[in-house]
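Structure, as structure tokens:
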Amino acid sequence: MESGPPGGSGPAEPGPRLRGWRGADAAASASSLSRFGAEAGCRAPAVAAVLPAGGSGERMGVPTPKQFCPILERPLISYTLQALERVSWIKDIVVAVTRENMETMKGIIQRYQHKRISLVEAGVTRHRSIFNGLKVLAEDQPSRRLSKPEVVIIHDAVRPFVEEDVLLKVVTAAQEHGASGAIRPLVSTVISPSADSCLDHSLERARHRASEMPQAFLFDVIYEAYQQCSDYDLEFGTECLHLALKYSHIKAKLVEGSPDLWKVTYKRDLYAAESIIKERISQQVCIIMDTKEDEEHVGRYLEEMLKTELNHVKVISGQDLQQIILEQCYSFVCVNVMTSDFEETQRLLNMLEESNLSILYPVVVISVHFLDYESVPFGQKMEKVMQVREFAKEAKKRNILLSGLLIYFPQEEQKLRESLRQGATIIAALIKERNSGLIGQLLVA
Ligand SMILES: Nc1ccn([C@@H]2O[C@H](COP(=O)(O)OP(=O)(O)OP(=O)(O)O)[C@@H](O)[C@H]2O)c(=O)n1
Ligand SMILES: O=C(CO)[C@H](O)[C@H](O)COP(=O)(O)O
């Protein structure tokens, strides 16, 4: 077994140094398991997770195993690890990876600062990979970092959108029933073909469910099942709940999961996952103004218009930037009414760099400037704002996507509103798309 980077057994916080938010989150999350347990009449168990990540992703049809395929330039498995690490009551996360991908995996752990991870060699089938993960947890020795948990979660590395509430439900149900798994309604009807490819019989869709992940088990229940199961099971089996039933005689409690629990399998699933991530990180936009004087109405108009462009967006005025960064806002609009300089934008970029916010997701920054023909000639203005290219080049190295927006600023109120409306449409597109091809571009509204 290989261990993660030093400090792997440390506190709950994964990723960047966002102490305030994560500290509070971790405490709330730890108490949620005890509270939930107390309500269900049981105490909080010691919980570990095993993530099979040793597949080759044949159905995806690309050379890279799907767990390492990039989504917004970060490997898919890193999102799944982040989702599990956020849950402070999961003590250890054991990831099964093939020998040839061990170094890649170590690199991912280091780069994205994942914590509490141990690596184990994967097997040739998913069941064998899971069994390898369980074995290292079972070997309860004082010298080892890992210890045998009471409950173990099994979760595919390629299901990145697992939330704490479903993890809590399967763990609590496993504590009570011995085994539990997330299910979803069937999308298509399941039919059984005969040898000559004719319909043999069909199942009544409403009476059946799709078995998804996560699943959770009392450790001894699933470990004993794996120890007893046949080579045939290990080679061709696809269902851990079935092993618990067949060998440990435990009927798993089934828990309704969310639609986002689906398994990334085909190439189109990568696009779907990317859209979900983009939507989640575009929910909050921070507008920073360089003035509080009478030009402030420009900011207010822009806010108004952005709210109509971006659904469910909370627009925050950038008074306490540090706090906003701590709250993990990934979209910033820096409105420069007073000057053509990048002073405010530069200040924001510095703060973002210090926070490490952009380790996990690309941060969009749009530097907005105004074009008032009457006070500054077009050429002169352009020369100044074109500096955005240089700033953007540097920012890109830190996963910050900076672009510039020049908004025509006519004296007439109606015309000004029209330019601001166009500006808001461009800002919304930049935020929603997070398209790295537009880095350093100066767009004109
Ligand atoms: N020998 C294997 C095979 C699969 N898995 C893991 O089990 C999970 C679910 O399996 P699946 O979606 O079938 O992954 P692949 O086997 O990689 O995909 P495919 O069947 O398309 O080849 C994935 O996280 C996969 O990496 C594993 O740990 N060890
Ligand atoms: O579906 C599942 C639960 O029952 C498992 O998550 C698993 O993904 C099935 O593996 P495979 O796709 O390799 O058959």
Side-chain angles (χ1 to χ4, degrees), residues 2 4 14-15 49-85 93-112 114 117-133 153-163 166-167 181-182 184 187-188 210-215 234-240 257-281 360-362 434 436:
E2 313 253 354
V50 170
L51 256 76
S56 58
E58 234 172 83
R59 285 171 287 182
M60 180 134 313
V62 296
T64 308
K66 59 189 177 185
Q67 56 276 27
F68 301 119
C69 284
I71 301 181
L72 294 177
E73 296 184 22
R74 173 150 69 107
L76 169 59
I77 192 168
S78 171
Y79 291 91
T80 318
L81 292 179
Q82 185 195 0
L84 290 173
E85 279 172 328
I93 302 166
V94 178
V95 185
V97 190
T98 59
R99 189 180 302 180
E100 59 172 327
N101 285 315
M102 205 54 91
E103 287 310 311
T104 304
M105 192 64 227
K106 283 182 188 170
I108 293 169
I109 292 169
Q110 197 143 32
R111 169 145 194 209
Y112 299 102
H114 292 302
I117 314 286
S118 300
L119 300 183
V120 66
E121 201 172 314
V124 289
T125 64
R126 177 175 176 271
H127 270 331
R128 290 190 195 277
S129 294
I130 295 170
F131 194 14
N132 288 355
I153 294 167
I154 298 177
H155 185 69
D156 291 328
V158 290
R159 297 181 192 255
F161 303 116
V162 59
E163 297 285 348
V166 73
L167 289 164
R184 289 288 304 155
V187 175
S188 305
S211 173
E212 309 283 348
M213 289 273 146
Q215 295 176 349
L234 289 175
E235 212 57 40
F236 301 105
T238 58
E239 183 51 80
C240 307
S258 74
D260 288 351
L261 280 178
W262 101 107
K263 185 170 66 174
V264 171
T265 305
Y266 300 102
K267 214 168 171 188
R268 61 168 182 262
D269 293 324
L270 289 177
Y271 304 128
E274 180 172 315
S275 298
I276 293 173
I277 294 163
K278 280 181 177 172
E279 196 187 314
R280 288 185 180 183
I281 58 176
L360 297 179
Y361 300 104
R434 268 162 226 268
S436 55

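These figures come from a predicted structure and were not determined experimentally.
By the 4.5 Å heavy-atom criterion applied to side chains, M60 and V264 are counted as neighbours. When side chains are defined from C-beta on, R126 counts as touching C240, because their heavy atoms get closer than 4.5 Å. Using a 4.5 Å heavy-atom threshold, the side chains of M213 and K263 count as separate. Side-chain contact between V162 and L261: present, with at least one pair of heavy atoms (C-beta onward) separated by less than 4.5 Å. Side-chain contact between W262 and F161 is present, with at least one heavy-atom pair separated by less than 4.5 Å. A heavy-atom distance below 4.5 Å is not found between the side chains of R111 and S78. Side-chain contact check for I117 versus L51: every heavy-atom pair is 4.5 Å or farther apart. In this structure, Q67 and V97 have side chains that are not in contact, with every pair of non-hydrogen atoms separated by 4.5 Å or more.
A donor-acceptor pair under 3.5 Å is formed between the side chain of Y79 and the backbone N or O of I71. Without hydrogens or angle criteria, S129 side chain to G123 main chain gives a donor-acceptor distance under 3.5 Å. A donor-acceptor pair under 3.5 Å links the side-chain atoms of R434 to the main chain of P362, judged by distance alone. Counting only distance, with no hydrogens or angles, the side chain of T125 and the backbone of L234 share a donor-acceptor pair below 3.5 Å.
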Evaluation steps, side chain to side chain contact (heavy atoms under 4.5 Å, CB included), between V95 and I77: CA-CA 10 Å; V95 185; I77 192 168; 3.9 Å; yes

Working for side chain to side chain contact (heavy atoms under 4.5 Å, CB included), residues H155 and I93: CA-CA 10 Å; H155 185 69; I93 302 166; over 6 Å; no

From CA spacing to verdict: side chain to side chain contact (heavy atoms under 4.5 Å, CB included), R74, I108: CA-CA 9 Å; R74 173 150 69 107; I108 293 169; over 6 Å; no

Y361 vs Q82, side chain to side chain donor-acceptor pair (under 3.5 Å): CA-CA, chis, key distance, verdict: CA-CA 12 Å; Y361 300 104; Q82 185 195 0; 3.2 Å; yes

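Residues satisfying the salt bridge (charged side-chain N to carboxylate O under 4.0 Å, His left out) test with E163, not counting sequence neighbours, are R280. The side chain to side chain donor-acceptor pair (under 3.5 Å) check on T98 picks up N101, with sequence neighbours excluded.
A distance of 9.5 Å separates CD in E100 from OG in S56, rounded to the nearest 0.5 Å. Note that OG1 of T80 and CG of L76 are 5.0 Å apart. Values are rounded to the nearest 0.5 Å. E212 CD to Q215 CD: the interatomic distance, rounded to the nearest 0.5 Å, is 9.5 Å. Here CG of L167 is found 5.0 Å from CD1 of I153. Values are rounded to the nearest 0.5 Å. The structure places NZ of K106 at 11.0 Å from OG1 of T104, a figure rounded to the nearest 0.5 Å. Going from atom CE of M102 over to atom CE of M105 covers 9.5 Å, rounded to the nearest 0.5 Å.
Of all the heavy atoms in V94 and G133, the pair that sits closest is CG1-CA, 3.9 Å. In plain terms, the two heavy atoms of P65 and G55 that are nearest each other are CB-O, 3.6 Å. Nearest heavy atoms, A157 versus A53: CB-CB, 3.5 Å. Closest heavy-atom contact between G257 and V166: CA-CG2, 4.4 Å.
Dense packing is recorded around CD of E235, with more than 12 heavy atoms of other residues, nucleotides or ligands lying under 6.0 Å away.
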